[in-house]
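Taking it in order: structure first as structure tokens, then the write-up.
None of the values given here were measured: they were computed from a predicted structure.
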Amino acid sequence: MGISGRDADEEFRREARGVLRGAAEEVGWTPRPALGSGDGHDRPRRRELDRLLAQRGWGGIAWPREYGGRGEPLRRQAIFSEELAELGLATPYNRVGLGIVAPALLLHGTEEQKRRYLPPMQSCDEIWCQGFSEPEAGSDLAALRTSARRDGDTWVIDGHKVWTTLGADADVCLLLARTGDGPRHRAISALIVPMRQPEIEVRPIRQINGEEDFSEIRFNWATAPADAVVGTVNNGWAVSMDALAYERSLYMQQRQLRFAKLIRELEAGTDWAAAGDAAGDAFVDAEIAAQALAFAAKEQIAAMERGSRSGVAGNASKVLWSESYRRLAQLGTDLAYGGLTSGAREWQAEYYASLATSIYAGTNEIQRNLIAERGLGLPR
Amino acid sequence: MTSIAHTDKELDHAVVSAADAMFAARSFDLSSLGASGFAGLGVQESDGGSGGMLLHAGLVAEAAGRQRAALGYLQQLLSVHAAAARHDVDLAADLVAGTLRGAVCFKGADGQLFPTPVPLNSAGVDTVLHVVDADGAVRHLVGVHFDEDTSTWLDPTHVDLLPRGPLPRPTGSPWPTALALTNGLVASAIVGLVEGLLAETVGYVKERRQFSAPVGSFQAVKHSLAEVHIDLLHTRALAFGALRSMDCGDDRAERLVALAKISADATALTTQRCLQAMGGIGFTWESRVHHYMKPALRLRQWPQPHATLRASVRPNGNARPPSTSD
């Protein structure tokens, strides 16, 4: 399922494929099915692979060269992601940093911040988390209460974050904190906070699928240096919105590629003659969703390359992907337990994992509100 | 049509703007359609067409849908392609110019003609009808009169076929892309129809007030119409991606346009959400809801019945690989 047919892009694809396969072989990563190899799979080896790719100049495909990237257009980052997906590599090890924090830094960070933080992010020497949601501020993120106040040369941070992906692994956090007394959205700043300090307590949260992707984090008068603000003080809302927009584009594309690979694996490994028409139709619906998401992603990336926004297309794709993934996982589970395909435990695990997808990165209810209000112009 | 001298996006935008303006001003009118050359899109000029890409034909079909002129445009456009497939350059040119009206209908594997949508007010109008066999062979019949009762839906048992021109050759001419092309263009037209209806619905719910608020401010209404928008965005992306694949000669194109058509068939059903949002008014004859909904639902069954298309794309039976874990 290729993003572009242009000759230069295809040449890039061939080169990327060769580099990836060579690096994967060096670290002992064998191509594997998407089923059973999600984000949590073989993370030490994934980190090693990402580090090796960064050393060889293949860490930040679309990043500017001065920050360790290749300076390629965004569509080639998408092509690279397609080749990663073929090897069974889902999202990168440092996925919060690369998918969410890096865009925020590239758009809003100072030169010093970019040079300090982007290279070790790419090499996986510093792992990132994002401190956004709180127990009382989930969908209503602007209601956050974590505070940061200036005390001499430091920021002092007090508060409580939850649903922090990679919180237990993180070295650095992009934190949203209240830094003023003004209107809700205008009194928030984005700060870079070092995580390895005793004033920060991290408690992993066990999920229904037994994994611990998220943590809650307590900041008990933790500190950050004076130059920790990304963008300007009290302008953190704009930083966070840009970061989340990127989460719904290239980062989401990686999720969609995995979804497409699951579909191909299910197609190849199922006794469809015995499965019946209803199952066949459900499969085709999943295939339709995957193809539509792929073409929509291409349009969104092309819009980003032109410097224009694609409106609510990213929000819409998030909804379609999450709900289609859940239906696919249910189909796979039903077929597997019916003896018509293999991997019953794996498909059941996919189903449990899918239940989070309509909640994270903005619940699907919030996405529908945004689509209605910003996409259709309906009144708030 | 001018040659493609602009960047892709510029030409796309120019085509859409011109099509929107034309259909909005005169709806489906053969003379204005003829002057635009839009009916010949995707057919080379040497074959009697207007040049351009199938993608552009899809964009015009979408615009025709928005302006409720989809059926007439699709039939005229596909007739040109059918004539070109038969290497009948003169007929193709006449159809492009709008001096003749055209229609295409398809046969199933059992030889039965599928019901075919035709534009309103076609009764008594001489129409060149192309019939496409299940094996892709295309024959044409000149001078078809539609029974008044079937002015919007061609039922073969009511058609009085009056061949006036040369009789078709017994074996017909191959048009291997007939179904694929029709699937892709119909998908684009359905997108346009639902876009048009959604726009009118949004306008209505912004104005209609109940409980001292616009009904469009209620979350249930917002979410329902958001579902329509989500569906439209993705069906549109798939339809135009599939047409681009046909333009590029991608070997996945036939399946992609079939998937796009199935997706559009589902999009046609989202018109129910728009009707629901408009309440009782949406259910009345005077409302324009049915001007969009009915063509969309007819196109759901064309060029093949929806159930037939669904059955044709289901995965084939095959053996399972050795199990990895159970």
Side-chain angles (χ1 to χ4, degrees), chain A residues 1 5 33 35-36 266-275 277 279-281 283-285 287-289 291-300 302 306 311-313 315-317 319-320 336-337 339-346 364-365 367-373 375-380, chain B residues 8-9 198-199 201-203 205-206 213-219 221-242 244-245 248 250 252 255-256 258-264 266 307 310-311 313-326:
Chain A
M1 188 187 303
L35 185 65
L266 185 64
E267 181 179 19
T270 298
D271 184 353
W272 291 108
D277 290 348
D281 286 347
F283 174 81
V284 171
D285 288 342
E287 185 187 359
I288 287 171
Q291 293 286 2
L293 286 164
F295 284 119
K298 182 180 177 182
E299 289 179 0
Q300 289 161 39
R306 291 193 301 270
V312 295
N315 306 84
S317 288
V319 174
L320 179 63
Y337 276 100
L340 299 165
T341 195
S342 58
R345 276 205 307 274
E346 287 81 356
N364 285 4
E365 288 77 12
Q367 304 296 348
R368 287 184 177 93
N369 283 350
L370 291 171
I371 291 164
E373 290 162 13
L376 298 178
L378 290 178
R380 300 195 71 173
Chain B
D8 289 344
K9 282 294 165 194
L198 180 60
T201 306
V202 166
V205 300
K206 281 180 174 177
V215 300
S217 68
F218 303 145
Q219 196 173 64
V221 174
K222 284 189 204 179
H223 282 202
S224 185
L225 296 183
E227 285 294 341
V228 180
H229 195 52
I230 291 168
D231 192 280
L232 269 173
L233 284 172
H234 291 97
T235 296
R236 187 180 193 279
L238 178 52
F240 287 110
R244 280 195 191 92
S245 298
C248 295
D250 190 325
R252 299 173 304 149
R255 184 164 183 89
L256 286 173
L259 297 180
K261 177 58 169 53
I262 294 172
S263 185
R310 268 276 194 196
V313 298
R314 286 184 192 124
N316 294 321
N318 52 30
R320 291 170 48 192
S323 66
T324 52
S325 71
D326 280 297

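- Taken from CG in B:D250 to CZ in B:R255, the straight-line distance is 13.5 Å, to the nearest 0.5 Å.
- Looking at B:S217, its side chain does come within 3.5 Å of a backbone N or O of B:P214 through a donor-acceptor pair.
- Comparing A:L378, A:N364, A:V312, A:D281 by how many heavy-atom pairs each has under 4.5 Å with chain B, the most go to A:D281.
- Here B:L225 contributes atom CG and B:K222 contributes atom NZ; the two are 11.0 Å apart, rounded to the nearest 0.5 Å.
- For chain A, the nearby parts of B:H223 are the backbone and the side chain; heavy atoms of each come within less than 4.5 Å.
- At a 4.5 Å heavy-atom cutoff, the contact between B:V205 and chain A is made by side-chain atoms alone.
- Contacts of A:E365 with chain B are made by both backbone and side-chain atoms, with heavy-atom separations under 4.5 Å.
- For B:T201, no part lies near chain A; criterion is any non-hydrogen pair under 4.5 Å.
- Checked by atom type and distance alone, the side chain of B:S263 never pairs as donor or acceptor with a backbone atom of B:L259 at under 3.5 Å.
- The side-chain heavy atoms of A:T341 and A:D271, taken from C-beta on, include no pair separated by under 4.5 Å.
- Ranking A:R380, A:E287, A:E373 against chain B, the residue ahead of the rest is A:E287, based on heavy-atom pairs under 4.5 Å.
- Using a 4.0 Å cut-off between charged side-chain N and carboxylate O, B:R310 and A:D285 make a salt bridge.
- Your options are A:V284, A:I371, A:L376, and the one with the most heavy-atom pairs under 4.5 Å with chain B is A:L376.
- Under 3.5 Å, the side chains of A:S317 and B:H234 contain a donor-acceptor pair of N or O atoms.
- For a residue to count as touching a neighbouring chain, one of its non-hydrogen atoms must lie under 4.5 Å from one of that chain's; by this rule B:A242 touches chain A with the backbone only.
- The contact between B:L233 and chain A is made entirely by side chain atoms (from C-beta outward), counting heavy-atom distances below 4.5 Å.
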